[in-house]
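First the proteins, then the strands, lettered A, B, ... as listed; each starts at 1. As a basis for the values below, the full set of heavy atoms in this structure was taken, side chains included, without hydrogen atoms, waters or symmetry mates.
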Amino acid sequence: MYTMAPMTVRMAPKLTKNLGLDSPQSQSCLSLLELCNSLKEFKQAHSKLIKLGLLQHPLPLTRLLACCTLCPDADMNYARSIFELDENPNTFVYNFMIRGNLQQHQLENALSMFYSMVSDANYSPNHITFPFVLKACSRMKAIEVGKQVHGQVLKLGFGEDVYVQNSLINLYSTCGLIGFSIMVLERMKNPDIVSWNSIIKGLVDLGLIEEARQIFDKIPKRSVVTWNCLIDGYVQAGFVDEARILFNEMDRKDTFSWNTMIGGFINLGLVDAARNLFDEMPEKDKDLITFKLMIDRYAREGRDREALETFQEMQKLKIKPDSFILVNALSACSNLVMLEQGEQIQAYIEREKIEVDAVLGTALVDMFSKCGMIEKALSIFHSMEKRDVSAWNAVIYNLGINGYSKEALSFFSDMLEAGTAPDETTFLSVLSTCRHCGLVEDGRKFFYMMSDDAYKLAPKVEHYGCMIDLLARANLLDEARKLVDTSDFSSNVPMWGALLGAASRLGNIEVGEYAAKHIIELDPLDTSCYIELSNLYSAAARYDKAAEIRKKLKTIGIEKEPGYSSIEVNGVTHKFRVSSTFNCDIGL
DNA sequence: CTAGGGTTAG
């Protein structure tokens, strides 16, 4: 919060005429400005200031600018419009603008503010300016500009300021020039803990973990951040045991320490080890990221139940989920067909007025349709302001697998009309719709459409799989075989597996043997192929052949283990048993 | 008489 400045402000004489800065209205307006913490309130204060004619004064103007650049959702265009009212911006005003642009990730604008500042003869950058500017340079990895700024620092005499020096260390190390960072450090009279941490972080980011460790052992003092940086270094390098030893040695762990360790385990695929740490972690230290790490990983691994349970734990601790977590939770609900849970999440989104962007909307659409609430799904889809490819894909795919093939295909043409470019998943959804209803003509059309000039998408194994199945169901097995023969996937086992499965379902021994021959050539240990083939023989009452295959299977000593292939549809992984049928969606 | 630096995930 900003304290009121005393009212004995120096004022330019020409401004004192219409002054009113001391008037009760002005006073109240200035206090209003201090209290407000939303853009809307700023704007009200702003217009009041204009009415009172106070924007001529440097003090209110600077304060207004401070308010509207410092808030986390600052509107920098708005800030800029105020800035431009200032004919003679002072150092404070410039600094606020640079900082605001930096916070809003408008790095170029931050730099151009700096440029106009240095070309302004009346005011020059001070010790506060440089950390912001240097940070902008390091975020942009603009090392050449950074070096020039370094020159300015020295020229203007801020080379001894510890904050500025530390910013320089960071600039050089984020640009990979750790040697320069060390040079800056060695010239410092009094490097502090932040200087050392910046060096350690720089080394860690370059993968120089041993060097980082040496510094860690050498420095006189360490902070929690020091420990966390080094632990993160070990974790990044895959030395999780080393990280764990340090972690255990820490006398004070903070949220970062725990999250770094948990994240490290997770990245190495040690999800259960991560969970153990998660359970050991004091509840009061857990934050959004802690939960995000666990829930996101559970969701990726299809451990939906655990994802949801952890999500509920999070709610018990009153930690507010962000939309990433909500997407994960919704996807778990749809995989588990847990409508009630999903509806609760939707209610939460409405209650908390969380913005339903394309991704979150798609997750809702997917959840409702997987739970059989197609109407509800469609109404959400229609209410979405922005629809990306995934949103369309979710609708088309789910309509298709629920038997609404006409609707699915009409959504597909709506999509093209809306100018959204279909991707491979779109075509997979469309083709699986055709397969679902035996629409051979349409299937062929869409299959060739995807690779034509307009879309230039190469059909993948999954697309071929759909086509094989579609053709086979229409008793067009020879066409299916030709498709495989002429594809780029003649050395792809699942591809032949799909043909074998189709042949098997039709009892077509010739094509079956043909496909099996290819599979065995490619992978003599493919068990599912033998099993499929023997089933095919049995079904055709060719028991001798079937027994022969079974025997072969035994002698090779292969265990029965069906092969799986998976595809991803709108972020949800669907498993297909490639050996037998292409339409066996195990995930449902 | 306003303001500044180092650590964790998608």
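Note on A:Thr255: nothing from the nucleic acid sits closer than 4.0 angstrom, heavy atoms only. Across all strands, A:Ile193 comes closer than 4.0 Å to base atoms (heavy-atom distances). A:Phe92 comes within 4.0 angstrom of a base, heavy atoms only. Looking at heavy-atom distances under 4.0 Å, A:Val224 makes no contact with the nucleic acid at all. At the heavy-atom level, A:Asp322 lies under 4.0 Å from base atoms of the strands shown.
Below the 3.5 angstrom threshold, one finds a donor paired with an acceptor across the side chain of A:Asn126 and the base of B:dA3. One cannot find a donor-acceptor pair under 3.5 Å joining the base of B:dG4 and the side-chain atoms of A:Asn95.
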Inset, instruction - With salt bridge (Lys or Arg N to Asp or Glu O under 4.0 Å) as the test, would you mind laying out the steps for A:Asp251 and A:Arg222 before giving the verdict? - result: CA-CA 11 Å; A:Asp251 44 24; A:Arg222 300 177 192 116; over 6 Å; no
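Taking the ring axis of A:Phe130 as reference, the NZ or CZ atom of A:Lys135 does not stay both within 45° of it and closer than 6.0 Å to the ring centre. Geometrically, A:Lys286 engages A:Phe278 in a cation-pi contact defined by less than 6.0 Å to the ring centre and at most 45° from the axis.
At whole-Å resolution of the value, CG in A:Asp287 and C1' in B:dT7 are 13 Å apart. In this structure, A:Ile325 places its CD1 atom 10 Å from C1' of B:dG10, rounding to the nearest Å. Rounded to whole Å, the distance from CD1 on A:Ile169 to C1' on B:dG4 is 15 Å. Taking atom CG of A:Leu293 as the reference point, atom C1' of B:dG10 lies 10 Å away to the nearest angstrom. Per the geometry, CG belonging to A:Leu288 stands 9 Å off C1' belonging to B:dA9, to the nearest Å. Rounded to a whole Å, the CZ atom of A:Arg63 is 9 Å from the C1' atom of B:dC1. Summarising the geometry, the separation between CD1 on A:Ile262 and P on B:dA9 is reported as 12 Å, rounded to the nearest angstrom. In this structure, A:Trp196 atom CH2 and B:dT7 atom C1' are separated by 18 Å, rounded to whole Å.
Side-chain proximity of A:Phe96 to B:dT8, B:dT2, B:dG4: nearest is B:dT2. Set against B:dG4, B:dT7, B:dG10, the side chain of A:Asp296 has B:dG10 as its closest nucleotide. Looking at the side chain of A:Thr62, the nearest of the listed nucleotides B:dG10, B:dT2, B:dG4 is B:dT2.
When the side-chain nitrogen and oxygen atoms of A:Lys201 are compared with OP1 and OP2 of B:dT8, one or more of them lie within a distance under 4.0 Å.
Taking the six-membered ring where the residue is Trp, A:Tyr172 and A:His150 present tilted rings, their angle falling between 30° and 60°.
Side-chain contact, A:Asn228 with A:Asp254: a donor N or O sits under 3.5 Å from an acceptor N or O.
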